[in-house]
Asks: 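Attaching a single structure in structure tokens format; questions to follow.
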Amino acid sequence: MTLAQELSQRLQQALESHAAAKGLELPEGFSAPVSTAADLRFGDYQSNAAMMLAKPLRCNPRQLAQELVDSMQLDGLASVDLAGPGFINFRVLPAAWSQRLQAQLNDPKLGVGQVEPRNIVIDFSAPNVAKPMHVGHIRSTIIGDSLSRIARFLGHHVTTDNHIGDWGTQFGMVIYGWKNLLDEQALKSDPLQELLRLYRAVNSLAKEDEAIKDACRNELVKLQAGDSENVEIWKKCVEVSKIGLNRIYDRLNVRFDHWLGESYYNDQLGPLVETLLSEGNAKESEGAICVFSGDLLEPNKDPFKEKRDDEWSDLPMIVRKKDGAFNYATTDIATVDYRLKEWQADEILYIVDARQSLHFRQLFDIAERRGCKAKLEHVSFGTILGKDGKPLKTRDGDLPQLDDVLNDAVAASRQILEEKSGDLPEDEKEQLAEIIGLGSVKFTELSHHRSSDYIFDLEKMVALQGDTAPYLQYSYVRISSIFRKLDEGSDYTPGEIAIEADAEIHLARCLSRFGEVLPVVLEGYRPNLLAIYLLDLAKAFHSFFEACPVLKSEGEVKSSRLALCELTRKVLEQGLGLMGIQVPERM
RNA sequence: GCGCCCGUAGCUCAGCUGGAUAGAGCAACGGACUUCUAAUCCGUAGGUCAUUGGUUCGAAUCCAAUCGGGCGUGCCA
């Protein structure tokens, strides 16, 4: 149990017995909130319960708080007092810190409690094949990977699925290009770039020339009809694309349990539409098969309604186009069915750009109407903008490829390594540059609130000062250095944690919050809260490092400080690991 | 038009279910390396939380309106 939970429980007991004695009835489902103190001068934790209850219980909040303060059983856990209009402030006692931290140090989960495990499917990254990943894929890939790691660490059963776009309309163009413009030599040396070149070349030709556009459409129709030559070309494209994608995923250390792309569901789409029709969930309209509103919501909240000319009209989800082809809506419905049936999903997370929110609102509404009980969540994120404040666009082909961005970040950290640690061996510098550079890119992404847009600024992303990955990695390095020095003297006797100095108390406070932060991160699908937490922790450690000598201290103080270092090291490593960021031993 | 998201320090952004004097980083200024790695630490300065009204003991946070920006809105994904 976390400190906050423990205090909350004790406060709740005091509250219930107080209410019973006075014949008062607590509001339905009320549980005493305890949160970290807003201002550390007041204590470590605080509760506003008395003020929240003043009105429903018709009592004076200060008086209620006083009664609770007087009657709480804290058993040496914390001191408690009353302030202002009824704040209840807790200050954890030194002995309690010692006991908590000791337990945390011995806990493989570092104080993170057990949860009721759920089957969580996480759908992320999902690039189109036949095109290399670009900066726009950073968000989904990194957020999704981090949430997967966090959910697993919390004890959930997580299934990750890369729902690649391997059946889109782009294949019309790619196949046309393959047949007419292919450079065999280039395909051998750098297949992904060659596919991209074909796509771009045909795309610009098709813009100019209707005949070429038609030819592309024709290739696509042939592919979808199972034309053997086109299917062969398609297979090759997917194959080489996957190799290219995997190179980047390996580099980023991102793994998927499955790669069930759009093509995987092809065979299920026809029958699915028939089912939707027979269920009464879909009907024909203007030549297409559509799903309309279930009329369960007010029109302005209904994803299937739209106000046009002062009148609410239908905005259906099209599951079969009038030309008979299916679209991504159809595939997504099939995908939900599959994940529910095959993976017994309790929860499905879609880590997808916020611009698709209408699509998901419709998709989830349909799923619910068809009896889906799982929690479906569009974990949306904002757009990556160019320096002009406008979205980076795929079409113009100008936006940087992901691999180039990663290379730039690695090169920037390599340069700093050269300046700061020039005497390290070359191969180690190379390795470190990779760890630090990629860490920076990931941390930049994860420290932003996901719903806000952000401007893609390579210099910023690669900046290695301030609130960045290297700051966190550096704190880890400083700890490692202490233990290296210690080994040389080899007089480490693990001891009780006994904290005294302000910097030690603050470090303890941060350390023990690890288990409080992670569940909140998953609840809101917000890795940035973890990023903030780790920055707080690293700051606390750096301050401690400056204020409290470790190796130069003696006896119990020394072994206690070593234990603090050990725990900090573990939490930093684990926390960064949950963001997919590695830690170096030196830098 | 309608719907969704956003507006916080010069810049980039935090701010968990409403809580005490709104916080970081960068940039600026001033200090700290013969002492566990200065990619660090300590300090100073910087604010009408877009505007107005409402809800209440208490609002950056909730509600409404307005202004400004972005996105979406029937056969692309």
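Naming convention: chains lettered A, B, ... in sequence-line order (proteins, then strands); numbering from 1 in each chain.
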Asks: From NE2 of H542(A) over to P of U40(B), roughly how many Å is that when rounded to an integer?
Replies: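 Going from NE2 in H542(A) over to P in U40(B) covers 7 Å.
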
Asks: Hey, what's the ring geometry for Y350(A) with F364(A), parallel, tilted or perpendicular (30° and 60° as the breaks)?
Replies: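 Because their plane-to-plane angle lies in the 30° to 60° range, the rings of Y350(A) and F364(A) count as tilted.
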
Asks: Could you tell me whether F42(A) and F87(A) have their ring centroids closer than 6.0 angstrom?
Replies: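 No, they do not, as the ring centres are separated by 6.0 Å or more.
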
Asks: Report yes if at least one side-chain N or O of R478(A) is closer than 4.0 Å to OP1 or OP2 of A38(B); otherwise report no.
Replies: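 Affirmative; the distance criterion is met.
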
Asks: Between A20(B), U56(B), A39(B), which nucleotide has the shortest distance from any of its atoms to the side chain of S421(A)?
Replies: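 Given the options A20(B), U56(B), A39(B), the side chain of S421(A) is closest to A39(B).
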
Asks: Is Y471(A) stacked against the base of A39(B), taking the criterion as centroid distance under 5.5 angstrom and interplanar angle under 30°?
Replies: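 By the stated criterion, Y471(A) and A39(B) do not stack.
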
Asks: Taking only the C1' atom of each, what is the distance from C62(B) to U17(B) in whole angstrom?
Replies: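 12 Å, rounded to whole Å.
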
Asks: Could you tell me how far C4(B) sits from U40(B) if I compare only their C1' atoms? Round to whole Å.
Replies: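 Nearest-Å result for U40(B) against C4(B) at atom C1': 44 Å.
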
Asks: Please report the closest heavy-atom contact between P584(A) and V477(A), naming both atoms and the distance.
Replies: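 Answer, listing the atom of P584(A) first, then V477(A): O-CG2, 3.4 Å.
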
Asks: For the aromatic rings, using the six-membered ring if either is Trp, is the centroid distance between F545(A) and Y474(A) under 6.0 Å?
Replies: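 Between F545(A) and Y474(A), the centre distance exceeds or equals 6.0 Å.
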
Asks: If I pick the P atom on A60(B) and the same atom on U55(B), what distance separates them, to the nearest angstrom?
Replies: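 Looking at atom P only, U55(B) and A60(B) are 16 Å apart.
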
Asks: Remember a base hit wins even if backbone is also touched, and classify D310(A) as base, sugar-phosphate or nothing at under 4.0 Å, heavy atoms.
Replies: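 No contact at all - D310(A) keeps every heavy atom at 4.0 Å or more from the nucleic acid.
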
Asks: Nearest of A14(B), G19(B), C36(B) to any side-chain atom of Q46(A)?
Replies: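 So the nucleotide nearest the side chain must be G19(B).
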
Asks: Check whether NZ of the Lys or CZ of the Arg R569(A) lies under 6.0 Å from the centre of the six-membered ring of F483(A) and within 45 degrees of that ring's axis.
Replies: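 Yes, R569(A) lies over the aromatic ring of F483(A).
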
Asks: Does the side-chain ring of F87(A) sit on the six-membered ring of the A20(B) base, less than 5.5 Å centre to centre and under 30° in tilt?
Replies: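 Stacking between F87(A) and A20(B): present.
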
Asks: Across the strands shown, which category fits K301(A) at heavy-atom distances under 4.0 angstrom: base, sugar-phosphate, nothing?
Replies: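 Sugar-phosphate contact only.
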
Asks: What does M317(A) touch in the nucleic acid at a heavy-atom separation under 4.0 angstrom: a base, only the sugar-phosphate, or nothing?
Replies: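 Touches nothing.
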
Asks: Looking at V273(A), I289(A), I318(A), which one forms a side-chain contact (heavy atoms from CB on, under 4.5 Å) with T330(A)?
Replies: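 So, applying the side-chain contact (heavy atoms from CB on, under 4.5 Å) to T330(A) and each of V273(A), I289(A), I318(A), only V273(A) qualifies.
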
Asks: Could you check whether I416(A) gets within reach of a base, just the sugar-phosphate, or nothing at all, counting any heavy atom under 4.0 Å?
Replies: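 Answer is base: heavy atoms of I416(A) come under 4.0 Å of a base.
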
Asks: Which part of the nucleic acid, if any, lies within reach of S285(A) when heavy atoms closer than 4.0 Å are counted: base, sugar-phosphate only, or nothing?
Replies: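 Base contact - S285(A) has a heavy atom under 4.0 Å of at least one base atom.
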
Asks: So R62(A), base contact, sugar-phosphate only, or nothing? Heavy-atom distance under 4.0 Å.
Replies: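 Here R62(A) touches no strand at all.
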
Asks: Using a 4.0 Å heavy-atom cut-off, does N48(A) contact any base of the nucleic acid, only the sugar-phosphate backbone, or nothing at all?
Replies: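 Base, at least one base atom sits under 4.0 Å.
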
Asks: Could you check C13(B) for me: syn (within 90° of 0) or anti?
Replies: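 Anti.
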
Asks: Rounded to whole angstrom units, what separation is found between the CZ atom of F514(A) and the P atom of C16(B)?
Replies: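 Nearest whole value for this atom pair: 21 Å.
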
Asks: Which part of the nucleic acid, if any, lies within contact of A83(A), taking any heavy atom under 4.0 Å across all strands shown: a base, the sugar-phosphate backbone alone, or nothing?
Replies: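 Result for A83(A) = base.
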
Asks: Categorize N89(A) for me: base, sugar-phosphate, or nothing, with a 4.0 angstrom heavy-atom threshold over every strand shown.
Replies: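 Answer is base: heavy atoms of N89(A) come under 4.0 Å of a base.
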
Asks: Taking the C1' atom of each, how far is G7(B) from U48(B), in whole Å?
Replies: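 Per the computed distance, 15 Å lies between those C1' atoms.
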
Asks: Who does C29(B) pair with, Watson-Crick or G-U, both distances under 3.5 Å?
Replies: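 Its partner is G43(B).
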
Asks: Give L417(A) one of three labels, base, sugar-phosphate or nothing, depending on what nucleic acid heavy atoms sit under 4.0 Å from its own.
Replies: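 Base contact.
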
Asks: Work out how far the P atom of C16(B) is from that of C6(B), and round it to whole angstrom.
Replies: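 About 12 Å, rounded to a whole number of Å.
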
Asks: Using atom C1' of each nucleotide, how far apart are U66(B) and A28(B) to the nearest Å?
Replies: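 Taking atom C1' in both U66(B) and A28(B), they lie 37 Å apart.
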
Asks: Looking across every strand, which nucleic acid part, if any, lies under 4.0 Å from C565(A) by heavy atom: base, sugar-phosphate, or nothing?
Replies: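 Nothing: the residue C565(A), judged by heavy atoms under 4.0 Å, touches no strand.
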
Asks: Is the ring centre of F381(A) less than 6.0 Å from the ring centre of H448(A)?
Replies: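 For F381(A) and H448(A), the ring centres are not under 6.0 Å apart.
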
Asks: Any base atoms under 4.0 Å from Q170(A), or only sugar-phosphate, or nothing? Heavy atoms, all strands.
Replies: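 The answer is nothing, as Q170(A) stays clear of every strand by at least 4.0 Å.
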
Asks: Can you tell which of C57(B), A77(B), U17(B) lies closest to the side chain of S35(A)?
Replies: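 Selected nucleotide: U17(B).
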
Asks: May I ask you to say what H359(A) touches in the nucleic acid, namely base, sugar-phosphate or nothing, with a heavy-atom cut-off under 4.0 Å?
Replies: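 No contact.
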
Asks: Nearest of G19(B), G72(B), U21(B) to any side-chain atom of R355(A)?
Replies: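 Shortest atom-to-atom distance from the side chain points to G72(B).
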
Asks: Going by purine N1 to pyrimidine N3 plus the second Watson-Crick contact, or the G-U wobble pair, all under 3.5 Å, which nucleotide sits opposite C2(B)?
Replies: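 The base-pairing partner of C2(B), which may sit in any strand shown, is G72(B).
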
Asks: Is there a donor N/O on one and an acceptor N/O on the other, under 3.5 Å, for the side chain of Y474(A) and the base of A39(B)?
Replies: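 Flag unset: no donor-acceptor pair detected.
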
Asks: Decide, yes or no, whether a salt bridge links E445(A) with R139(A) under the criterion of side-chain N to carboxylate O below 4.0 Å.
Replies: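 Yes, charged N to carboxylate O under 4.0 Å.
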
Asks: If the cut-off is 4.0 Å, is R308(A) near the phosphate of G74(B), judged by side-chain N/O to OP1 or OP2?
Replies: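 Result: yes.
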
Asks: For atom P, what is the distance between C26(B) and C42(B), given to the nearest Å?
Replies: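 Their P atoms lie roughly 12 Å apart.
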
Asks: Between C41(B) and A27(B), how many Å separate the two P atoms, rounded to a whole number?
Replies: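 After rounding to an integer number of Å, I get 13 Å for this pair.
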
Asks: How is E523(A) classified with respect to the nucleic acid when contacts are heavy atoms under 4.0 Å: base, sugar-phosphate, or nothing?
Replies: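 Counting heavy atoms under 4.0 Å across all strands, no contact is made by E523(A).
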
